[in-house]
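Contents: one structure, followed by commentary.
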Amino acid sequence: MAKKVLVISTSLRGGSNSEILARECARGAADAGLEVEYVSLKDKEIRNCIGCLTCHKGMPCVLKDDGAEVIGKIREAEAVVFATPIYYYEMSGQMKTLLDRSNPLYGGDYNFRDIYFIASAADTDEHTFDRAISGLEGWIYCFDKCSLKGTVVCGDVNDAKSVNGKDKALKEVYELVR
């Protein structure tokens, strides 16, 4: 049975650079024979966690949005790829909100073991992506059965679809989960 891979694009802009990278990652994983599901948050409503901890009492989340569906997909995947644009040297707010909403997974049973990170940014500084990677590593630290297996970052992309000229990054994301 093929490994289940979930690729999550957290950009809300259609045709964004991080979305293009996420789709290329999904294509590479599918070409390798893996079972791939692609989810975009741009069509999802995911509200902020209110910290009520109802989910830790075995009950469904009190928030009625798309969060529970996406969290369920994360729970079932063996590998999860998060793709984000970088805003103010950090992951997108949508990605952070999704990570916060994954609270029902904490202390419970989950299948994911391999976490991957893809990010795009206009800036080219070597430290542009550090805070976003650190933020994801903080989330990973709470799940002792998983680890960060790989990252691909691509700077110097700002306008939508400008990543299409970045062959090195496109090749790296295509190979990321394979």
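This one's a predicted model, so the numbers in the text were calculated from it and none came from an experiment.
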With a 4.0 Å cut-off, would you call E90 and K96 a salt bridge? no
Can you tell me if N111 uses its side chain to pair, donor with acceptor, with the backbone of A77 under 3.5 Å? no
Other than I50, which residues form its hydrophobic cluster under the rule that side-chain heavy atoms must be closer than 4.5 Å? V62, L63
So for atom NZ, which belongs to K168, do other residues, nucleotides or ligands contribute more than 12 heavy atoms lying within a distance under 6.0 Å? no
Of all heavy-atom pairs between C49 and D100, which one has the smallest distance, and what is that distance? CB-O, 4.1 Å
Set out, in order, the CA-CA distance, both residues' side-chain angles and the distance that settles side-chain contact (heavy atoms from CB on, under 4.5 Å) for K44 and V39, then state yes or no. CA-CA 9 Å; K44 305 282 186 201; V39 172; 4.1 Å; yes
How long is the straight-line distance from CG of D66 back to CG of L98, given to the nearest 0.5 Å? 11.0 Å
Should L148 and I74 be counted in the same cluster of Ile, Leu, Val, Met, Phe, Trp and Tyr side chains packed under 4.5 Å apart? yes
Polar side-chain atom of E24 near backbone of Y174 as donor-acceptor pair, under 3.5 Å: no
Count I, L, V, M, F, W, Y as connected when their side-chain heavy atoms are under 4.5 Å apart, and connections chain through other members. Are V80 and I133 then in the same cluster? yes
Does the S134 side chain pair with the main chain of D130, one donor and one acceptor, at a distance under 3.5 Å? no
Taking all non-hydrogen atoms of both residues into account, name the closest pair between K149 and D114 and its distance. CE-OD1, 3.0 Å
Whether S16 side chain and A160 backbone form a donor-acceptor pair below 3.5 Å: no
CZ (R131) with more than 12 external heavy atoms under 6.0 Å: no
Evaluate the ring planes of H56 and Y106, with Trp represented by its six-membered ring, and classify them as parallel (under 30°), tilted (30 to 60°) or perpendicular (over 60°). tilted
Taking it one step at a time, do Y87 and M95 satisfy side-chain contact (heavy atoms from CB on, under 4.5 Å)? CA-CA 11 Å; Y87 299 141; M95 181 170 161; over 6 Å; no
Taking the six-membered ring for Trp, are W139 and F112 ring centroids under 6.0 Å apart? yes
State, to 0.1 Å, how close S11 and S40 come at their nearest heavy-atom pair, and which atoms those are. O-OG, 4.4 Å
Is any side-chain heavy atom of C154 closer than 4.5 Å to one of E172? no
Output for pair (C142 SG, E137 CD), nearest 0.5 Å, gives 12.5 Å
What residues join L21 in its hydrophobic cluster, counting side-chain heavy atom gaps under 4.5 Å, either direct or through other members? V5, V7, I20, L34, V36, Y38, V81, Y116, I118, V152, V157, V163, L170, V173, L176, V177
So, the side chain of E78 versus the backbone of K4: is there a donor-acceptor pair under 3.5 Å, distance only? yes
When you measure from the side chain of R101 to the backbone N and O of I71, does any donor-acceptor pair fall under 3.5 Å? no
To the nearest 0.5 Å, what is the distance between OH (Y89) and CG (D125)? 6.5 Å
Does the distance from a Lys or Arg side-chain N to an Asp or Glu carboxylate O, for D156 and K166, drop under 4.0 Å? yes
Does T10 form a side-chain contact (heavy atoms from CB on, under 4.5 Å) with M91? I'd like the steps, not just the answer. CA-CA 9 Å; T10 68; M91 69 181 74; over 6 Å; no
Nearest heavy-atom neighbours spanning L105 and Y110: O-CD2, 3.9 Å
Would L41 and E19 satisfy side-chain contact (heavy atoms from CB on, under 4.5 Å), going step by step from the backbone distance to the final call? CA-CA 10 Å; L41 297 189; E19 178 183 55; over 6 Å; no
Does atom NZ (K42) have a neighbourhood of more than 12 heavy atoms from anything else shown, all under 6.0 Å? yes
Taking all non-hydrogen atoms of both residues into account, name the closest pair between I86 and A121 and its distance. CB-CB, 3.7 Å
Connected via hydrophobic side-chain network under 4.5 Å: V70 and I140: yes
T84/S92 under side chain to side chain donor-acceptor pair (under 3.5 Å): CA gap, chis, key distance, verdict: CA-CA 6 Å; T84 184; S92 69; 3.2 Å; yes
Heavy-atom nearest pair, E37 first then K73, reads OE2-NZ, 2.6 Å
Is the backbone N or O of S162 less than 3.5 Å from a side-chain atom of N17, with the two atoms forming a donor-acceptor pair by type? yes
In one Ile/Leu/Val/Met/Phe/Trp/Tyr side-chain cluster, 4.5 Å: I115, F143: yes
